[in-house]
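First the structure, in the form of structure tokens, and then the observations on it.
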Amino acid sequence: MLLQMSLARSDSWIALVDVNNFYASCERVFRPDLEGVPIVVLSNNDACIIARSQEAKDLGFKMGGLFHKVLPDLKRAGVKVFSSNYALYGDMSDRAVAVYRQFTPNLEIYSIDESFLDFSGFSDLDELGQRVRYTTRRDTGLPVCVGIARTKTLAKIANRIAKKNPEHNGVFKLETGDSEQLKKIENADIWGISRRLTPKLQELGIYNVLDLSRADPKMLRQKFSVVLERMVYELNGISCLELEEVAPVKKGIMVSRGFGQYQEKYPRIQEAVATYATRAGEKMRSQNLVANTLTAFLRTSPHNESQTYYSNSHTVAFPEATNDTGLIIRAAWWCLKKIYRPGLKYQKAGVFLGGLVNADATQPDFFFKLDTGKSKTLMAVLDKLNKDHGRDTVRFAASGVSTEWKMRQRMVSPRYTTLWKDMPLVY
DNA sequence: TCTGGGGTCCTAGGACCC
DNA sequence: TCTGGGGTCCTAGGACCC
């Protein structure tokens with residue numbers, strides 16, 4: 001593979017804006033009474049901790065900690081616990097990005113809580129970073145930190161420095177070749193280097209980011225990968241990772257969930273799979289995509305020692321690319337029939353749509369004639385009703401009415417910003 | 001009872017072709 | 001029937017990220 005890189009223009013600057021403790025901060029925006037109170041947010045099924053406020057971090061609660069194990073400690077410490085509320089987090093994320101766009105037209109939404117902003121050509125970048133920070137807080141209630149540097153990798157590091165050192169007031173500009181700063185950061189603490197890689201780098205005498213920036217990129221590529229090679233260039237201010245302002249077309253859409261409790265019965269699993277298939281169809285249509293293939297998968301718990309682990313998947317190709325929920329459910333059930341084994345306690349199932357292409361550029365199958373006009377109208381009506389009146393107002397009977405497989409969300413906060421009935425009357 | 005969900009990129013290896 | 005290099009394409013699996 002050819003290494004793509006370009007010397008940073010002399011005036012090119014990138015800012016990484018990152019919301020502090022994003023999920024926990026979202027919960028706090030509408031609950032000012034929780035200011036200063038430790039907060040944790042749980043994964044789906046209320047299984048483990050996936051986000052913590054600063055206070056909860058300081059109390060020693062760990063990422064990934066099992067909820068049921070740490071529950072007594074959480075109670076004792078007076079920690080406020082939330083199930084995850086992705087409707088709220090997704091909407092708050094959109095609001096933050098809308099604020100960032102007031103400062104630069106060129107930005108890349110990197111994740112639900114991080115965006116890269118093109119700061120090239122502006123003067124007084126520290127002051128600009130402070131304005132982004134102040135405005136985001138004022139207009140959304142969310143606290144952010146800003147890291148500014150010549151490349152994405154360095155901007156990530158700058159952001160980390162801003163976050164860890166309160167004296168910078170949430171904004172830090174990292175100059176290329178600032179060896180004092182790079183020396184202070186361990187390999188495992190930067191973007192793209194996992195804990196696993198750390199001991200191997202240490203064998204080569206690479207203990208911190210300064211060492212890494214001075215390592216031989218060709219040698220690292222040979223011993224590890226092109227990813228590490230690029231990192232060395234990035235650390236030296238040579239940009240290898242461009243700003244992706246236009247989100248690339250998705251290559252696949254996945255909808256999967258663990259069940260609220262283990263499921264054995266075929267009809268219940270069918271309902272779950274039909275529900276995931278429905279959700280996947282909605283996602284596709286909202287992005288004007290159609291899928292060429294569908295994969296369904298089913299597995300038992302890898303942690304349940306009372307039975308042997310079983311995991312299987314099956315893929316089918318649609319005769320013609322589609323985003324019709326009826327066809328997606330049928331295909332998903334076809335796959336499910338191939339992989340379901342009676343007598344097992346299943347923990348999770350999912351649906352994956354692949355071979356995605358734009359819905360306006362499909363290749364019709366000569367022999368298989370799908371009535372796409374009728375399907376399109378039906379799906380449009382379905383989506384409109386569900387958008388106006390709430391999810392699942394109208395749905396396929398295949399999804400069933402039982403609730404036993406549905407995930408647990410016992411402590412979910414209201415959808416303050418996306419559901420009229422949940423909107424607080426007094427702020 | 002109980003261990004997230006959704007995604008990207010890279011690599012190796014096999015199939016196939018000329 | 002055997003031998004071979006060089007190339008592309010596809011897939012599965014791993015690593016990593018948030």
Side-chain angles (χ1 to χ4, degrees), chain A residues 1-4 16 18-23 40-52 62-71 82-86 89-90 93 108-116 152-153 156 159-160 187-198 200 220-231 240-241 244 247-263 276 279-280 283 287 292-293 295 297 299-306 309 311 313 315 317 345 347-356 404-405 407-410:
Chain A
M1 201 199 121
L2 204 68
L3 182 71
Q4 299 283 339
L16 175 65
D18 178 317
V19 182
N20 307 342
N21 314 314
F22 181 57
Y23 296 173
V40 298
V41 179
L42 304 179
S43 69
N44 280 337
N45 278 318
D46 298 337
C48 57
I49 295 174
I50 56 167
R52 304 156 294 161
K62 298 275 176 262
M63 197 76 163
L66 284 183
F67 175 53
H68 70 102
K69 274 198 182 152
V70 295
L71 181 56
F82 288 98
S83 302
S84 35
N85 181 347
Y86 290 101
Y89 311 150
S93 174
E108 171 186 342
I109 301 169
Y110 176 70
S111 75
I112 195 164
D113 71 326
E114 291 172 54
S115 290
F116 289 105
K152 283 182 167 179
T153 305
K156 276 277 219 181
N159 186 284
R160 186 193 154 82
N187 297 321
D189 289 335
I190 69 165
W191 203 23
I193 296 196
S194 64
R195 298 266 156 210
R196 268 190 64 263
L197 201 53
T198 310
K200 293 180 189 162
L220 289 175
R221 179 177 192 150
Q222 205 196 340
K223 278 195 168 18
F224 301 99
S225 72
V226 65
V227 180
L228 217 52
E229 180 190 21
R230 275 200 293 244
M231 194 166 302
C240 300
L241 306 168
E244 292 179 26
V249 175
K250 283 215 186 350
K251 292 173 180 157
I253 286 177
M254 165 98 91
V255 178
S256 74
R257 299 275 182 282
F259 303 131
Q261 45 193 306
Y262 294 156
Q263 294 296 313
Y276 307 156
R279 209 63 78 223
K283 280 193 190 183
Q287 296 168 55
N292 277 293
T293 67
T295 304
F297 71 87
R299 65 162 217 216
T300 61
S301 169
H303 309 288
N304 180 357
E305 284 163 17
S306 67
Y309 180 58
S311 169
S313 72
T315 302
K345 290 178 177 15
Q347 180 258 341
K348 185 179 191 171
V351 168
F352 178 83
L353 295 160
L356 300 183
E404 59 206 68
W405 53 269
M407 66 183 183
R408 285 185 305 272
Q409 279 186 296
R410 281 176 288 215

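So that the names make sense, note that chain A is the first sequence line, chain B the second, and so on, each numbered from 1. Given the structure is predicted, the values throughout are model-derived calculations rather than measurements.
- Between the side chain of A:Ser43 and the backbone N or O of A:Cys48 there is at least one donor-acceptor pair closer than 3.5 Å.
- One can place CD of A:Gln222 at 19 Å from P of B:dC10, the figure rounded to the nearest angstrom.
- Under the 3.5 Å distance criterion, with hydrogens and angles disregarded, a donor-acceptor pair is assigned to the side chains of A:Asp46 and A:Ser83.
- Counting heavy atoms from C-beta on, the side chains of A:Tyr110 and A:Asp18 never come closer than 4.5 Å.
- In this entry the distance linking CD of A:Glu404 with P of B:dC2 reads 15 Å, nearest Å.
- Across the protein-nucleic acid pair, A:Asp189 atom CG and C:dC18 atom P stand 12 Å apart, rounded to whole Å.
- A:Lys348 has no side-chain polar atom (N or O) that falls below the 4.0 Å cut-off from OP1 or OP2 of B:dT3.
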> How would nucleotides 11-17 of chain C be written as a contact map, 5' to 3', with B for base contact, S for sugar-phosphate-only contact and - for no contact, using protein heavy atoms under 4.0 Å?
Replying inline: ----SSS
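- Side-chain N/O atoms of A:Lys251 include one lying less than 4.0 angstrom from OP1 or OP2 on B:dC9.
- In terms of modelled atom types and a separation under 3.5 Å, the side chain of A:Asn159 and the main chain of A:Leu16 share a donor-acceptor contact.
- We find that CG of A:Leu71 is positioned 15 Å from P of B:dT1, with the value rounded to whole Å.
- Residues from residues 255-263 of chain A that place a heavy atom under 4.0 Å from any atom of DNA chain B, listed by number: A:Val255, A:Ser256, A:Arg257, A:Gly258, A:Tyr262.
- With both ends at atom C1', the span from B:dC16 to C:dG4 equals 15 Å, rounded to whole Å.
- A:Ser84 places a side-chain N or O within donor-acceptor distance of the main-chain N or O of A:Leu42, the cut-off being under 3.5 Å.
- A:Met231 places its CE atom 15 Å from the P atom of B:dC9, with the value rounded to the nearest Å.
- A:Tyr276 places its OH atom 8 Å from the P atom of B:dG5, with the value rounded to the nearest Å.
- Secondary-structure stems of DNA chain C, taken as three or more successive Watson-Crick or G-U wobble pairs (i with j, i+1 with j-1) under a 3.5 Å distance threshold, comprise B:5-18 with C:5-18.
- Candidate nucleotides B:dT3, B:dG7, B:dC10 were compared by shortest atom distance to the side chain of A:Val226, and B:dC10 ranks first.
- Of all heavy-atom pairs between A:Gly260 and A:Asn45, the closest is CA-OD1, 3.4 Å.
- What you find for A:Met254 and A:Lys283 is that their closest heavy atoms are O-NZ, 3.4 Å.
- The residue A:Asp113 sits close only to the backbone: its heavy atoms come under 4.0 Å of sugar-phosphate atoms, none of a base.
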>> Before you tell me yes or no, could you show the steps for A:Phe352 and A:Tyr276 under ring-ring contact (aromatic ring centres under 6.0 Å, His included), namely the whole-Å CA-CA distance, both residues' side-chain angles and the distance that decides it to 0.1 Å?
In response: CA-CA 9 Å; A:Phe352 178 83; A:Tyr276 307 156; over 10 Å; no
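- Here the shortest heavy-atom pairing between A:Ala280 and A:Leu353 reads CB-CD1, 3.4 Å.
- The closest donor-acceptor contact from the side chain of A:Glu114 to the backbone of A:Ile112 lies at 3.5 Å or more, if one exists at all.
- Atom CD1 of A:Ile50 is separated from atom C1' of C:dC18 by 10 Å (rounded to the nearest Å).
- Shown here for A:Met231 and A:Thr153, the closest heavy-atom pair between the two residues is CG-CG2, 4.3 Å.
- When the nearest nucleotides of DNA chain B are assigned to A:Ile253 and A:His303 by heavy-atom distance, the more 5′-ward of the two goes with A:His303.
- Taking for each of A:His68 and A:Glu244 the nucleotide of DNA chain B with the nearest heavy atom, the 5'-most of the two is the partner of A:His68.
- Spacing between atom CE of A:Met63 and atom P of B:dT3 amounts to 17 Å, rounded to whole angstrom units.
- The structure places CG of A:Asn44 at 13.0 Å from CZ of A:Phe259, a figure rounded to the nearest 0.5 Å.
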